Each structure stands twice: as C-alpha cells, then as structure tokens.
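Here's the structure we're looking at; comments come further down.
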Amino acid sequence: MEKMWAGRFQKPENEQVNDFNSSIRIDSRMYREDILGSIAHAEMLAACKILEEADVVKITEGLRAILSDLEENRIAIDPAAEDIHMWVEAELTGRIGDAGKRLHTARSRNDQVALDTRLYLTGRIDAIKRETCALIETLIGIAEANSDAIMPGYTHLQRAQPIAFSHHVMAYAQMLLRDVERLNDCRKRTAISPLGSAALAGTTYPIDRRTVAAKLGMQGVCRNSIDGVSDRDFVAELAFDLALLMTHLSRFSEEIIAWCSWEFKFIELDDAYATGSSIMPQKKNPDIAELVRGKTGRAYGNLIAVLTMLKGLPLAYNKDMQEDKELIFDSVDTVLQCLPIFRDMVATATVLKENMARAAEKGFINATDCADYLVGKGLPFRTAYKITGRLVADCIASGKTLGQLTMEEWKAADAHFEEDIYDAIDMQTCVGRRTSEGGASFAAVARQIAETKQVLDTLR
Ligand code: ARG
C-alpha cells in the first residue's frame with residue numbers, strides 16, 4: 001500500500017522499517033474511538049463551514065459503515081497498515097473517494113492519537129472502577145457474613161492483638177476505595193480533548209474545539225496545543241494508579257496464600273478456584289492469588305517504562321510516544337483480568353473461624369489488655385507493661401496461656417489482680433473494647449462498614 005506521506009519520498013519504505021514503525025498490532029483496538037473521533041471532527045468541519053455538507057455526509061456515513069463492518073466482522077484491519085489512523089482513513093477513501101481525503105483537514109495524527117488514547121483509556125478507567133467497586137462490595141459482604149469472627153492481628157507477622165476478622169478484610173476495602181478515588185481523579189485529567197492542537201501549533205482553520213470535545217463526552221479541551229500533543233501525564237498517572245491497585249491486590253494475595261497454608265489454615269479456597277499438583281496428590285494450591293501477585297510486576301514495569309520513555313523527550317510529538325499504548329494497555333488488561341477472578345476467588349472461599357479463634361488464643365495477644373487492666377487499677381503503664389512481660393515469660397516457660405494462670409499465680413505477680421482479670425483478657429472482651437473510631441471492635445467495624453457503603457455510593 002502506498003504511504004499517505006509518499007509524496008516527499010523517492011523510494012518506497014524498507015519492509016523491515018514498515019514493520020518496526022507500525023503500531024497497528026497495538027492500536028487497532030482503538031478503532032472505535034478513532035472512528036467516533038473522526039465523525040465528531042468531520043461534523044465540526046461542516047458546522048464551521050470548513051468542509052461542504054455533502055462531503056461530510058459521505059465521510060460520516062462511510063465511517064459509520066466501516067465501524068459496523070468491523071463490529072460485525074465483515075472486514076478485517078490490514079495488519080500491514082502503519083497505524084489505526086492511517087488504516088481508517090485509507091479504508092474510507094477507498095470507499096468514498098475524494099471526500100475521504102478531506103477528513104484530515106485541520107487535524108494531525110498527533111492530536112488524533114492523543115484523542116483516541118484518551119477516549120479509549122477513559123472507557124477502561126470506567127470499567128476498572130466498576131470492577132473495583134464490585135470487589136469492595138464483595139469484601140463488605142464477607143465482613144458482614146463473618147462479623148463475629150476473631151483473628152490475631154499481626155505486626156512483623158508476629159501475633160500482636162486480637163481483632164475482628166471483618167476489620168482486617170475492611171482494611172483492604174479502604175485501600176481499594178482510595179484506588180477508585182484515584183481513578184476518578186485520573187479520569188478528570190484524561191477526558192480532556194487535545195483535538196485541534198493539530199501537529200503542534202493549532203491550525204489556521206476556524207475550528208470549534210469545544211463542541212467536538214462535548215460531543216465526545218469529554219470534560220474540556222487542553223489549553224496549549226504543544227502540551228496537547230506531547231502530554232502523556234494521563235498515561236503515567238493511570239499506570240501508577242494501576243500499579244498501586246495491583247500492589248493492594250498483591251498484598252491481599254500474599255495473605256490469602258499464607259492463610260491457605262497448613263501453618264495458618266484461616267481460609268479454604270473453593271475447589272473451582274484452586275489447582276492441584278502433577279505429582280503431590282495432597283496439594284491444593286492458591287495459583288490465582290500467586291498469579292495476581294506475580295502479575296503485579298508487569299504493572300510496575302509498565303509504569304517505569306512510561307516514565308522513562310517520557311523523561312528525555314523534547315517538545316512536542318516524538319515517535320517514542322507510540323510506545324505508551326503497548327505499556328498502558330498491558331496494565332489495563334492485567335488489572336481487568338485480575339479483578340474479577342480475584343473477586344470470585346474470595347467470594348467463594350470458606351472462612352475457618354474456629355482456626356482463627358484458636359490461633360488468637362495462642363501468642364499472648366491479650367498481653368496489652370492485661371497491662372491495660374493494671375493501668376485501670378491505678379498502675380503506670382510502664383510498670384504494668386513490665387509485670388505483664390514477666391508473666392508472659394513465666395507462661396512461656398510453663399507452657400501456659402495467660403488465661404490458664406491460677407488466681408494465686410496472678411496474685412503472686414501483682415496484688416492488684418482480681419477475679420475479673422479472666423474476663424479482661426478474654427478475646428471477646430479484648431476485641432470488644434477496641435471501640436475507638438476506626439478500631440478493631442465489632443461495633444467500630446459496623447460503623448466503618450456503614451460509612452464505607454456511603455462513600456462507595458458517592459464514587460459510582
Ligand atoms: N502511531 C502513532 C503513535 O501511536 C500515531 C502518531 C504518529 N504521528 C507522527 N507524527 N508520526 O504515536
């Protein structure tokens with residue numbers, strides 16, 4: 001196929017150069033955005049009397065026909081085309097002749113590709129938001145269905161203090177909620193139209209940028225044509241938002257992997273969401289969680305690659321920028337692949353409350369409450385801390401839990417201990433008393449869930 005830019009050249013392009021230069025394999029997925037952007041552009045050209053109405057009717061009808069032919073698989077995109085923009089224009093001109101050659105008036109591929117990418121990513125942001133909100137809802141459901149479960153809370157992966165299991169689950173809901181907020185914010189800066197920036201300097205034609213932007217559902221137009229064609233901040237920003245979202249899924253995955261082990265056994269994955277071993281008949285492996293954790297590296301790599309691609313670029317457009325799409329599309333695909341399967345995996349898992357409760361009994365996670373008990377009897381916290389520490393050391397030596405100490409043993413440690421110490425260090429009491437706002441008690445978690453639901457409603 002002859003290049004549209006062939007006029008200036010004396011030789012055809014080397015075939016390898018064509019392959020190297022072509023982005024069609026990556027950007028053909030934006031055919032819809034490219035066509036809708038061109039339709040809006042052409043309609044504006046007619047409204048502003050830059051093109052004849054009759055030509056624009058041919059253009060828009062031709063473009064709509066190409067769109068439906070593609071969507072109904074009647075035609076295929078030529079894999080040898082330079083990019084989606086060139087292919088659509090060539091296909092249009094092939095169909096309607098000279099009118100097709102007028103479409104590119106007052107436009108460059110530089111503002112066109114920026115527009116297509118922004119439109120496409122805006123749609124993907126919405127899809128990712130929907131999936132993330134659905135996961136948050138699932139987590140709320142799990143928290144509510146297991147509202148009485150107690151588990152050890154950890155620091156340094158050492159049992160620390162007893163918490164409501166729902167509180168732990170809701171911690172992830174909060175991270176994901178911020179991810180949705182970040183995506184909303186990123187969307188605001190993505191849904192801005194660069195169209196009319198043309199190659200870099202705007203155009204001599206009397207165009208109307210705002211009407212095109214509004215027609216395409218965008219929130220406004222970029223203020224500077226040079227920035228309009230060189231800005232890929234929205235790509236970097238989305239790459240970061242997705243990298244952080246994957247970080248959250250990866251941390252959760254790590255815990256799920258640990259919780260599935262015999263060492264923890266806090267949850268059991270549904271058979272449909274686990275895999276077996278080719279050699280060890282007893283194995284049930286959390287492959288989904290491991291893959292989500294593993295794929296997180298891609299999201300990081302894509303972010304770094306986008307930033308690195310941009311860092312040395314002079315204004316305005318440079319071909320380096322073509323690389324942005326392969327990277328951000330991979331992040332988008334990865335996240336959209338991970339979110340639903342991750343949600344199904346957690347939604348179908350069984351929470352083994354008894355095992356969590358048993359783990360909570362060991363590890364002296366009520367020691368802080370024991371010290372707090374003495375503080376309640378008037379002792380300074382540091383003194384109470386030391387007395388409790390000695391008791392813990394004695395218990396470790398004798399293989400007991402604090403709850404198994406006799407009244408004599410308590411009294412021997414400190415005269416302030418009374419019968420009510422047993423209730424004070426009971427796990428239910430320990431969790432129940434952490435009623436501070438955002439704390440681990442059942443009551444505080446119920447308030448947290450109610451608030452989270454409200455925020456979630458405002459974000460959709
Ligand atoms: N395929 C190109 C890209 O993705 C489109 C823009 C080409 N512009 C140019 N001046 N060569 O960036």
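We count ligands from 1, going down the list as the structure has it; atoms in each ligand are counted the same way. Treat the numbers as computed from the prediction; the structure is a model and nothing was measured.
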Could you tell me the residue and atom name of the protein heavy atom closest to atom 8 (N) of ligand 1, and the distance to it rounded to 0.1 Å? Asn110 OD1, 3.0 Å

Per-atom contacts of ligand 1 with Asp83, taking only distances under 4.0 Å to non-hydrogen atoms: 1 (N), 2 (C), 5 (C)

Please report whether the ring centroid of Phe266 lies less than 6.0 Å from that of Phe165. no

Ser23 heavy atoms within 4.0 Å reach ligand 1 at atoms 1 (N)

Tell me the protein heavy atom at minimum distance from atom 7 (C) of ligand 1, and give that distance in Å. Tyr317 OH, 3.5 Å

How far is atom 2 (C) of ligand 1 from its nearest protein heavy atom, and which residue and atom is that? Gln322 OE1, 3.2 Å

Distance in Å, Asp241 CG paired with Cys186 SG, rounded so as to fall on 0.5 Å steps: 5.0 Å

Should we count CZ of Arg447 as having more than 12 external heavy atoms under 6.0 Å? yes

Can an N or O of Lys325 be found at a distance shorter than 3.5 Å from an N or O of ligand 1? yes

Hey, is ligand 1 close enough to His85 that some N/O pair sits below 3.5 Å? no

Just how far is it from atom OG of Ser230 to atom CG of Asn110, taken to the nearest 0.5 Å? 8.5 Å

Phe20 atom CZ, neighbour heavy-atom count above 12 within 6.0 Å: no

Compute both the distance and the angle, then confirm whether Arg118 meets the cation-pi test with Phe234: under 6.0 Å from the six-membered ring centre, within 45 degrees of the axis. yes

Nearest non-hydrogen protein atom to atom 11 (N) of ligand 1, with distance, is Arg109 NH2, 3.7 Å

